[in-house]
Amino acid sequence: MTELPKAYEPTVVEEKWQNRWMSEGCFHADPQSDKPAYSIVIPPPNVTGVLHMGHVLNNTIQDILARRARQEGKEVLWLPGTDHAGIATQARVEKELAKENPPRTRYDVGREDFVKMVWEWKEKHGGIIIKQLKKLGCSCDWDRERFTMDDVFAPEVARAFAELFKEGLIYRGRRMVNWDPVLRTALSDEEVIMTPSKSKLYTIRYKLADGSGQLLVSTTRPETIMADVAVAVNPKDPRFGHLIGKTVIRPLVETEIPIIADDHVEIDFGTGALKITPAHDRTDFEVGMKNNLEIIDILTADGHINCPACPELHGLDRFVARDKSVELIEAKGLLEKVEDYENNVGISQRSDVPIEPRLSMQWFLKYPCVQEAADAVANGDIVFRPAHWGKTYAHWLEGIQDWCISRQLWWGHRIPVWYRKDKAAELQEAAKLDEADAAAGDIYVGVEPPADPENWVQDEDALDTWFSSWLWPFATMDDECRAKFYPTSDLVTGPDIIFFWVARMIMAGYRFADGKKPFSNVFFTSIVRDLQGRKMSKSLGNSPDPLDLIARYGADGLRFGLMRIAPTGTDVKFDEKQIEEGKNFANKLYNAARFRMMQGETGTEAPKFTPVHIDILSKLKELHATVAEALSKYEFNTYTQSLYTFFWSEYCSLFLEAVKNDLREGEPAVKNATLYTIDTVLRHYLALLAPIMPHIAEELWQSLGFAARNNGLPLMSSPLPCADSLLAGLSDEDIFKARALSTALYETANRARNLKAEYNLATNKKVRFVVKPGTLPLSDDLMARLALLAGAQSATMDAAYEAPKGTPTALTPFGELFLPLDGLVDVDAERSRIGKELEKITKEIVKSNAKLSNASFVDRAPAAVVDQERARLAEWETKKAQLEAMMASLS
RNA sequence: GCACGGGUAGCUCAGUGGUAGAGCGGCUGUCUUACACACAGUUGGUCAGGAGUUCGAAUCUCUUCUCGUGUACCA
């Protein structure tokens, strides 16, 4: 007998197999293979990132898909890598600089040296997450790991830029953008989060220049009054028609500004008059352009007031200046009122501060292939799961705006545009630059720097990180790889990046990869929340550390526990209890295998199968089908749940408990059948389990000797055992009969246990049962198993049994079941028990009768349903008669 | 405002027209020779409220409430 510890210890086992798989190249994808291809590209985590629960969910799903595809005989590429994450990574290194003594900024270091420092940081600390993904057991082809700024990827980014520029889709212009005053860079619309905020609405008196009165103007931003160039009213507003064309005095840095008419002003809102500040508001900018108004910019890049004409405010932070400006206005007696007000403020996703609408010179992209991208999802060429994300996607594409792709950062892909040195200053200020300027030879756009670099100056800006990520599915592959594995099969990602990444990848795919879609299916995962339903975040401290969870529960336990509760289509509330269950399940598996190992080899006699053997093998066959269907429909919780129920309930609690005696004292032929069945179930089951719990499946596969029987092939590299071979020699009728008998056995055993419990007999109390058989063909085999399952000394058939008065009994599928207690029954307690049961049954009978006497039910419901109801009623009535007889026998 | 997704047992979730389910938790027993990370039993639900369709509704329709997400915005 093998001596093994009683509890499963995942840590050592998991690391062992991760190393073995990698050293044996099990994850390697061969582009030369004849097998059909299956491919996934990982959503590249930030190179600064550490593993969080979202990654665990996401990558476990990908791993399940990849491992299952390998078992199905496909050549699998799961391509890993990391994203350079411009802002996050640059900020990370800037933080290090700030910690120095004396503290430094990137400007102190200079661009070239700073970028060098970031690379050094990346080499040293970056990519921790890759190691963490390995600990989770991810079967990525690690030899193909890519980085969005590596030598293979970076040129593709520049090439994409150059092509789109040439096509006229990329241009440079001075436009209103979302400006982050902390990071001092432009951001895309997607990086701005509109957040309801409590603020104040100030109503201010703008005096008419001719002294004939005043105009009340409401604003939330009094600190920008110095930049007002007009006040606008709606031309249809009867209150103000006569004022249009007059002028008012701007309350700060006093000067006359015109009252203009513009449809944009809502008559009903506030006072009906709107101050126009083109430099600091998007819609005001448009109004300004329409009316040819001046643009007065009074904010610096880092959000301070730049207005020497107003010395009280000049140099102040924008929020300090807000309060101060109100004081100034109040001092002038121009403040009408202040009200609490809730409005939406755009907050920078990156730095968490309110963004500033700011006029600046940036690069923009008109998205390519928008129509193809929209059609692909609409017509099912690319399938979204859950499908409702298609609506969100379509809606975004409909209202799509040009993408601001330039960032005032140093870490990232520098914009591959060079200006002719002698005209550089002039070109930098040009209102618009596009392919015409390149044709004229004034600017150069290309993957390689110009041949005579001394005559050129490169653009200072870097590209938005997503401008590289959108190329990920194909730019990560070389030609050979692409020929085999592109388009990829599945993409697994969170719905939070549907616009940032998914939509843009689809467009890039059609534009750059021979018009081919980048993937066929997109599976949007749930978002992992805490038990209060809050998103997990560092600042809330509600995000458990997956590595800690792995240390305590094992990677398999974590994977299984999380997948079991991850619903499709909604968010998942994370509960550590679930992970504990995953670990417990691993322990259950381990012990079930250990049990097998204690039994020794199968003998040579021809196995003799009994109903319970056939039953479990048939359920195993069903499990094959359930798993296949669940995975093909991406229903991972169904997959996980069916694995759990089969093993714990069907196999361990029912089957194993029913056959234990075969192993101890059964006749050799039955013992062989049992050992054969156990081995078959375990072998198939471990293969079905392997995609989600790869480590323990592999470990048990080895220790149970399945690998040895298969030329030492690890489970990882073995094809899925064929379900058709199960029960090959048996007819459907044989199987049906065996299952019916087994079901009856298990149900009878339950009743028997209930009886024992009702009479307060301990589970292990060795009682005897007598069965007065009904219609089922019972056998000694079944009776022996019943005794074992019910924890009884014996269970015997006796058609002529005369139960002593008051003998506990129950109606079972086997017939009448008696538990002779030799006069130990408390008659009163028994009577009350039976009374309660009778009450319950009578209610059911009344309900059932009512239903069956309803003519419309009998006429219109399907016959099968009506028959079912009749059978049910008959059963209740038999039981009732029996209970009444028992009751009578008690008195 | 508009759109989408939820609301089922104390908790986390299954369940898309035919007797309301699982796991955990609670409560009772049991260290029964694979597993106390276990076993056996048991307790928990007007399926958010209302109306409708139907012989029959957790399930389909409408509506209200409520939570969440996305999106558009007027200072």
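All chains are named by letter (A, B, ...) in the order of the sequence lines, taking the proteins before the strands, and each is independently numbered beginning at 1. Hydrogens, waters and symmetry mates play no part in the numbers below; they use all other heavy atoms, side chains included.
Using a 4.0 Å heavy-atom criterion, one finds that A/Val217 contacts no nucleic acid atom at all. Within the nucleic acid shown, A/Arg529 comes within 4.0 Å of sugar-phosphate atoms alone, with no base atom in reach, counting heavy atoms only. If you check every strand for non-hydrogen atoms under 4.0 Å, A/Phe499 touches sugar and phosphate atoms only. Residue contacts shown for A/Asp867 are absent, as no nucleic acid heavy atom lies under 4.0 Å away. Here A/Arg753 lies in heavy-atom contact (under 4.0 Å) with sugar-phosphate atoms only. Within the nucleic acid shown, A/Thr283 comes within 4.0 Å of sugar-phosphate atoms alone, with no base atom in reach, counting heavy atoms only.
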Before giving the answer on ring pair (Phe, Tyr, Trp, His ring centres under 6.0 Å), spell out for A/Trp389 and A/Phe384 the whole-Å C-alpha distance, their side-chain angles and the decisive distance to 0.1 Å. CA-CA 7 Å; A/Trp389 289 111; A/Phe384 279 8; 8.8 Å; no
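Rounding to whole angstrom units, CD of residue A/Glu342 and C1' of B/rC74 are separated by 15 Å. Straight-line distance from the CG atom of A/Leu704 to the P atom of B/rA34: 16 Å, rounded to whole Å. Atom CD1 of A/Ile527 is separated from atom P of B/rG5 by 16 Å (rounded to the nearest Å). Taking atom CD of A/Glu665 as the reference point, atom P of B/rU33 lies 15 Å away to the nearest angstrom. One interatomic measurement links the two molecules: CD1 of A/Ile841 to C1' of B/rU19, which rounds to 14 Å at whole-angstrom precision. A/Lys583 places its NZ atom 11 Å from the P atom of B/rA38, with the value rounded to the nearest Å. The CZ atom of A/Phe524 sits 14 Å away from the C1' atom of B/rG5 (whole-angstrom rounding).
Remark: B/rU53 base-pairs with no nucleotide in the shown strands. Criterion, Watson-Crick or G-U wobble with two distances under 3.5 Å. With a 3.5 Å ceiling on both atom-pair distances, the Watson-Crick or G-U wobble partner of B/rG1 is B/rU71. Base pairing annotation: B/rU28 forms a Watson-Crick or G-U wobble pair with B/rA40, both donor-acceptor distances under 3.5 Å. In this entry B/rC65 has B/rG7 as its Watson-Crick or G-U wobble partner, both defining distances falling under 3.5 Å. Nucleotide B/rU19 is matched to nothing when pairs are restricted to Watson-Crick or G-U wobble geometry with both distances under 3.5 angstrom. A 3.5 Å limit on both hydrogen-bonding distances identifies no Watson-Crick or G-U partner for B/rG45.
Looking only at atom types and distance, the side chain of A/Asn750 has a donor-acceptor partner in the side chain of A/Arg753 under 3.5 Å away. A/Ser188 and A/Glu191 are linked by a side-chain donor-acceptor pair at a separation below 3.5 angstrom, with hydrogens and angles left out of the test. Remark: the A/Tyr553 side chain and the A/Glu576 side chain contain an N/O donor-acceptor pair separated by less than 3.5 Å. Under 3.5 Å, the side chains of A/Ser848 and A/Glu869 contain a donor-acceptor pair of N or O atoms.
The glycosidic torsion of B/rG44 lies within 90° of 0, which places this base in the syn conformation.
No hydrogens or angles were tested; on distance alone, a donor-acceptor pair under 3.5 Å links the side chain of A/Glu657 to the base of B/rA34. If you check distances only, the side chain of A/Lys588 never reaches the base of B/rA38 with a donor-acceptor pair under 3.5 Å.
The side chain to side chain donor-acceptor pair (under 3.5 Å) test applied to A/Lys275 returns A/Thr224, A/Asp228, A/Thr277, not counting sequence neighbours.
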Readout for nucleotides 51-61 of chain B: B = base within 4.0 Å of protein heavy atom, S = sugar-phosphate only, - = neither; 5' to 3' it is ----B------
Could you run down nucleotides 20-31 of chain B 5' to 3' and tag each one B, S or - for protein heavy-atom contact under 4.0 Å? --SSS----BS-
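Mapping A/Trp876 and A/Phe585 onto RNA chain B by nearest heavy atom places A/Trp876 at the nucleotide closer to the 5' end. Comparing A/Ala592 and A/Glu266 by the nucleotide of RNA chain B whose heavy atom lies nearest to each, the residue mapping closer to the 5' end is A/Ala592.
With respect to A/Asp237 and A/Arg239, a salt bridge is recorded, a charged nitrogen being found less than 4.0 Å from a carboxylate O. No salt bridge links A/Lys577 with A/Glu581; every basic N to acidic carboxylate O contact stays at or beyond 4.0 Å. Checked for salt-bridge contact, A/Asp340 and A/Lys198 miss the test: no charged N lies under 4.0 Å from a carboxylate O.
If you check B/rC35, B/rG41, B/rC74 against the side chain of A/His264, the one that comes closest is B/rC74.
Within 6.0 Å of atom CD in A/Gln401, 12 or fewer heavy atoms from other residues, nucleotides or ligands are found, so the atom counts as exposed in its surroundings.
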